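Just below is one structure, and these are the notes that go with it.
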Amino acid sequence: MSSAVRVLLLALLATAVVVAVGLTATLGGDDDTAAPPAPSTPTTVPPTPLADYDTLTVAIPRAEFCGALPPEAVERALGAPATDEGSYGDGQPAVVVPGVRDVAHEFGCSWTSGAVTARAWVFAPAVTVAEGRRLVAAARGEDGCTPLRGSAAFGRPSVALACERGRRTVTTFRGLFGDAWLSCSLEGRTPALSGTEALDRAGEWCVAVAQGAASVVPDPED
């Protein structure tokens, strides 16, 4: 065999070795002991206290928003998965105040689990600042309701109340976001849901309501 042929064969052999090594590295070889990728760990976003949420810069449309509220926020507010829920829209028959059924001029929804009910609603008509102040004054004068002075703002103007309804306590925040009057409440049997726990949970619930409502893109034809 001539020297030229011998050199050519060696070059071809070296090339084959390099290609084989490259394929082994790419395909992972036959090593079945390689560790699988670590599974991703789901993260749960913690609730936001009302005091940590700037409601004065939030714009909320006067539109249906119930579908935008995350189920985990509802479950946190209730302390358990909801066993009953309902919603209504502008112009539909609804219980507008306890014991009174009428045609609603708002968009609203509620969820219940055991003795706890979470609600939220927004007026369909636009509300001015002057009208908002009148709504605040009227709310403060409701029978059985005590203003929670020093509570964080829920829009401007706004009001926070603790209302006694028989053996139940309703903690509610109401306020004006632009021209949208938004309300939310957390109701529970006294004393199972009262005091600081009720105020904190209601505040976190109302933040979730505001965030969900603010994410809605209203239909331009409405």
Side-chain angles (χ1 to χ4, degrees), residues 47-51 53 55 60 65-66 69 71 73-88 93-102 104-124 127 132-177 180-213:
T48 301
L50 182 55
Y53 183 63
T55 63
I60 290 180
F65 66 94
C66 300
L69 303 188
V74 174
E75 184 171 340
R76 274 198 301 260
L78 299 176
T83 56
D84 187 38
E85 63 181 89
S87 62
Y88 57 89
V95 177
V96 292
V97 294
V100 177
R101 187 175 181 85
D102 200 352
H105 298 291
E106 59 192 35
F107 302 91
C109 38
S110 65
W111 294 263
T112 298
S113 178
V116 181
T117 298
R119 293 188 176 90
W121 61 101
V122 62
F123 283 1
V127 174
R133 289 171 179 157
R134 287 193 288 270
L135 288 169
V136 166
R140 287 174 174 164
E142 290 182 8
D143 292 340
C145 292
T146 302
L148 300 173
R149 303 191 184 278
S151 297
F154 188 68
R156 180 186 291 163
S158 68
V159 62
L161 303 167
C163 302
E164 301 301 324
R165 308 293 189 211
R167 298 181 61 185
R168 301 175 69 82
T169 298
V170 182
T171 305
T172 177
F173 289 86
R174 312 174 196 178
L176 189 62
F177 294 74
W181 182 258
L182 180 66
S183 303
C184 51
S185 69
L186 193 60
E187 176 182 344
R189 185 179 298 126
T190 306
L193 187 63
S194 60
T196 302
E197 179 190 4
L199 183 60
D200 291 345
R201 278 173 60 179
E204 292 170 355
W205 164 240
C206 290
V207 169
V209 169
Q211 290 174 327

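Note that the coordinates shown come from a computational prediction; the quantities given were computed from them, not determined experimentally.
For Val170 against Ser185, the heavy-atom pair with the smallest separation is CG1-CB, 3.8 Å. Ala115 and Arg168 get closest at one heavy-atom pair: O-NH2, 2.8 Å. Pro157 approaches Val136 most closely through the heavy-atom pair CB-CG2, 4.1 Å. Looking at every heavy atom in both residues, Leu199 comes nearest to Ser151 through CD1-OG, 4.3 Å. Listed here is the closest heavy atom pair of Ala124 and Phe107: CB-CE1, 3.9 Å. Across every non-hydrogen atom of Ala210 and Tyr53, the tightest pair is CB-CE2, 3.9 Å.
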Using the side-chain contact (heavy atoms from CB on, under 4.5 Å) rule, take Phe177 and Val122 through it: C-alpha gap first, then chi angles, then the decisive distance, then the call.
-> CA-CA 10 Å; Phe177 294 74; Val122 62; over 6 Å; no
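Checked by atom type and distance alone, the side chain of Thr117 never pairs as donor or acceptor with a backbone atom of Glu187 at under 3.5 Å. Using a distance-only test at 3.5 Å, with no hydrogens or angles considered, a donor-acceptor pair links the side chain of Thr55 to the main chain of Gly155. At distances below 3.5 Å, not a single donor-acceptor pair connects side-chain atoms of Thr48 with backbone N or O atoms of Ala208. Between the side chain of Ser87 and the main chain of Gly108, no donor-acceptor pair closer than 3.5 Å is present. Checked by atom type and distance alone, the side chain of Arg201 pairs as donor or acceptor with a backbone atom of Leu78 at under 3.5 Å. Between the side chain of Ser113 and the backbone N or O of Pro81, at least one donor-acceptor pair lies under 3.5 Å.
Between Val74 and Trp205, some side-chain heavy-atom pair lies under the 4.5 Å cut-off. The closest side-chain heavy-atom distance from Ile60 to Phe65 is not below 4.5 Å. Taking the side chain as every heavy atom from C-beta outward, Val209 and Trp121 never approach each other to under 4.5 Å. Side-chain contact between Arg174 and Cys206 is absent, with no heavy-atom pair separated by less than 4.5 Å. Within the 4.5 Å cutoff, the side chain of Leu176 has no heavy atoms near those of the Arg156 side chain.
Going from atom CG of Leu148 over to atom SG of Cys163 covers 8.5 Å, rounded to the nearest 0.5 Å. One distance of note links CG of Leu161 with CZ of Phe173; it measures 9.0 Å at 0.5 Å rounding. The line from SG of Cys66 to OH of Tyr88 is 8.5 Å long, rounded to the nearest 0.5 Å.
Residues Glu164 and Thr169 have side chains that bring a donor and an acceptor to within less than 3.5 angstrom of each other.
A salt bridge is defined here as a Lys NZ or Arg NE, NH1 or NH2 lying under 4.0 Å from an Asp or Glu carboxylate O, and Arg119 with Glu106 fails to meet this definition.
Aromatic ring orientation, Phe123 versus Trp181: tilted (interplanar angle from 30° to 60°).
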